[in-house]
S.K.: 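Have a look at this one.
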Amino acid sequence: MDFTFFQKKQHIWRDWIASYLFLLPALAFFSVFVAYPMLKGIYISFFSYTLRDFDFIGLENYQTLFQDATFGKSMWNTLLIVLIAVPVVVIFSLFVAMMIYKKSEGLRSLFRGVFYLPAVSSVVSITVVWASIYHSNYGILNYITSLFGMEPISWLGDTRTALLSIIVVLITTSVGQPIILYVASLGNIPKSYIEAAQMDQANSWQIFKNILWPMLMPTNLYIIVITTINTFQVFAIIQLLTSGGPMYSTSTVMYGVYEQAFMLGNFGIASAMGVILALVIGVISFIQFKYLGSDVEY
């Protein structure tokens, strides 16, 4: 009998088991804290789940949300924040990285530390600072505008300025990691490509368009997708600065989930909102991978 076949099979099974044993801690964490809550949330979204009852109602929670003007306003605010914040974060981060990576190693390290500091700082502490800046009576922003003869503005209490003020805070807390990633990616582009283009008398725009931008596509894809997902889930800034007001002008879907679940006790509605938000994020991420990932060489 030829035992070679059985020995190969035994070796394959031993490697397979060892591989999954190494993955087991991560899989266990994912199953308990990600997969199970996600499936449980989908399950609860089909029930009228409050502190008093737990009754199956099918798609009624979803019907209620699509007929709710407040949810529509929250969804619009969420999409507006994403449409403004994500492009600004990407463009600003790339611009700053282009300025930094040409500097000496010491200056690059200094600037990386300065711009990355908000990313490692507590969102609460940064938001408290911005709350002081926006304060209508003693905030530094109104002091600056008063120098130009402008009346004090209630930045967080006016429906015309509240959402924009939230977006500004979100951008300042979101640019740290993209800048670091762009600087690292720019540093990995061979200088010989740029030197060859310069010898052919290519200008800065042509070098950026034909060399730098295509080689930055993997970084672009990662930054755009991750920033989009994080922006859709913005919560702490809104909770601390406006609590969704004034008149729901800064309310988002994520804040609505918190409000329905932990303030009103409507866990079924909150779960349905979470499912809708997850579907929207999934669809947009799929579109981003489809149209941006086609130019990425892994």
Side-chain angles (χ1 to χ4, degrees), residues 10-47 49 51 54 61 78 81-82 85-86 89 93 112 116-127 170 173-182 184-185 218-240 252-263 265-290 292-293 296 298:
Q10 185 180 16
H11 180 71
I12 292 172
W13 274 102
R14 185 165 58 248
D15 290 345
W16 185 86
I17 293 173
S19 300
Y20 276 91
L21 284 175
F22 279 110
L23 289 173
L24 185 60
L27 289 174
F29 183 88
F30 177 82
S31 300
V32 174
F33 295 103
V34 179
Y36 174 75
M38 180 178 65
L39 295 175
K40 186 70 173 180
I42 296 173
Y43 174 75
I44 293 174
S45 69
F46 297 108
F47 288 80
Y49 185 9
L51 296 177
F54 185 72
N61 285 328
T78 304
I81 291 173
V82 172
V86 174
V89 168
S93 300
R112 283 199 298 257
Y116 196 65
L117 186 60
V120 297
S121 301
S122 169
V123 176
V124 175
S125 60
I126 296 174
T127 305
L170 177 62
T173 60
S174 303
V175 296
Q177 187 183 47
I179 290 175
I180 300 301
L181 293 174
Y182 273 131
S185 297
T219 305
N220 289 332
L221 178 61
Y222 175 81
I223 290 174
I224 291 173
V225 171
I226 294 300
T227 304
T228 300
I229 294 173
N230 291 338
T231 304
F232 263 111
Q233 299 180 79
V234 59
F235 168 74
I237 296 172
I238 294 173
Q239 165 66 11
L240 294 169
T252 62
V253 177
M254 197 67 189
Y255 183 80
V257 172
Y258 162 79
E259 185 178 44
Q260 289 291 336
F262 301 107
M263 297 178 66
N266 297 325
F267 298 102
I269 291 288
S271 297
M273 293 176 71
V275 171
I276 293 173
L277 180 62
L279 289 175
V280 172
I281 294 175
V283 170
I284 292 178
S285 298
F286 173 79
I287 294 173
Q288 290 172 334
F289 272 102
K290 182 176 179 60
L292 298 177
V296 175
Y298 295 96

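Along the sequence shown, residues are numbered consecutively beginning with 1.
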S.K.: Quick one: pull up CG in Leu240 and CZ in Phe235 and give me the separation to the nearest 0.5 Å.
M.R.: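 Output value for this atom pair is 8.0 Å.
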S.K.: Is there a donor-acceptor pair under 3.5 Å between the side chain of Ser45 and the backbone N or O of Ile42?
M.R.: yes
S.K.: Check Pro37 against Ser31 and note the closest heavy-atom contact, atom names and distance.
M.R.: CD-O, 4.3 Å
S.K.: Can you give me the closest heavy-atom contact between Val225 and Ser285, atom names plus distance?
M.R.: CG1-OG, 4.3 Å
S.K.: To the nearest 0.5 Å, tell me how far Leu279 CG sits from Ile284 CD1.
M.R.: 11.5 Å
S.K.: Whether the side chain of Ser271 engages the backbone of Ile44 through a donor-acceptor N/O pair (distance < 3.5 Å, no angle test) should be reported.
M.R.: no
S.K.: Any side-chain heavy-atom pair from Thr231 and Leu170 closer than 4.5 angstrom?
M.R.: yes
S.K.: If we only count heavy atoms from C-beta on, is the Thr78 to Met254 side-chain gap below 4.5 Å?
M.R.: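 SC-SC contact between Thr78 and Met254 ruled out.
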S.K.: Would you check, one step at a time, whether the test side chain to side chain contact (heavy atoms under 4.5 Å, CB included) holds for Thr173 with Ile237?
M.R.: CA-CA 10 Å; Thr173 60; Ile237 296 172; 4.1 Å; yes
S.K.: For the CD1 atom of Ile226 and the OG atom of Ser174, what is their distance to the nearest 0.5 Å?
M.R.: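 Here the rounded value is 12.0 Å.
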S.K.: Please report the shortest heavy-atom distance between Ser125 and Ser122, naming the atom on each side.
M.R.: OG-O, 2.7 Å
S.K.: Can you confirm whether Tyr36 is buried at OH, in the sense that more than 12 heavy atoms of other residues, nucleotides or ligands lie under 6.0 Å from that atom?
M.R.: no
S.K.: If you measure from CD1 on Ile126 to CG on Leu117, what distance do you get to the nearest 0.5 Å?
M.R.: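 One finds 7.5 Å between CD1 of Ile126 and CG of Leu117.
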S.K.: Roughly how far, to the nearest 0.5 Å, is the OG1 atom of Thr252 from the CD atom of Gln239?
M.R.: 10.5 Å
S.K.: Going by the rule ring pair (Phe, Tyr, Trp, His ring centres under 6.0 Å), which residues pair with Tyr49 if we only count those two or more places apart in sequence or in a different chain?
M.R.: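 If we apply the ring pair (Phe, Tyr, Trp, His ring centres under 6.0 Å) test to Tyr49, skipping adjacent residues, the hits are Phe54, Phe267.
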S.K.: When you measure from the side chain of Thr227 to the backbone N and O of Ile224, does any donor-acceptor pair fall under 3.5 Å?
M.R.: no
S.K.: If you round to the nearest 0.5 Å, how far is OH of Tyr255 from CE of Met273?
M.R.: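 The CE atom of Met273 sits 11.0 Å away from the OH atom of Tyr255.
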S.K.: Should Tyr182 and Thr219 count as side-chain neighbours, where that means a heavy-atom distance under 4.5 Å?
M.R.: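 Of all side-chain heavy-atom pairs linking Thr219 with Tyr182, at least one is under 4.5 Å.
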S.K.: Under 4.5 Å between any side-chain heavy atoms of Val257 and Leu277, yes or no?
M.R.: no
S.K.: Given the side-chain rings of Phe286 and Phe289, with only the six-membered ring counted for Trp, is the space between their centroids under 6.0 Å?
M.R.: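 Centroid distance Phe286-Phe289: not below 6.0 Å, so no.
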S.K.: Using every non-hydrogen atom in the two residues, find where Gln260 and Ala270 come nearest and quote the distance to one decimal.
M.R.: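 Heavy atoms of Gln260 and Ala270 come nearest at CB-CB, 4.0 Å.
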S.K.: So do the side chains of Val82 and Phe232 get within less than 4.5 Å of each other, counting heavy atoms only?
M.R.: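 The answer is yes; the side chains approach within 4.5 Å.
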S.K.: Would you mind reporting whether Val89 and Pro178 have side-chain heavy atoms less than 4.5 Å apart?
M.R.: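 Counting from C-beta outward, Pro178 and Val89 do come under 4.5 Å.
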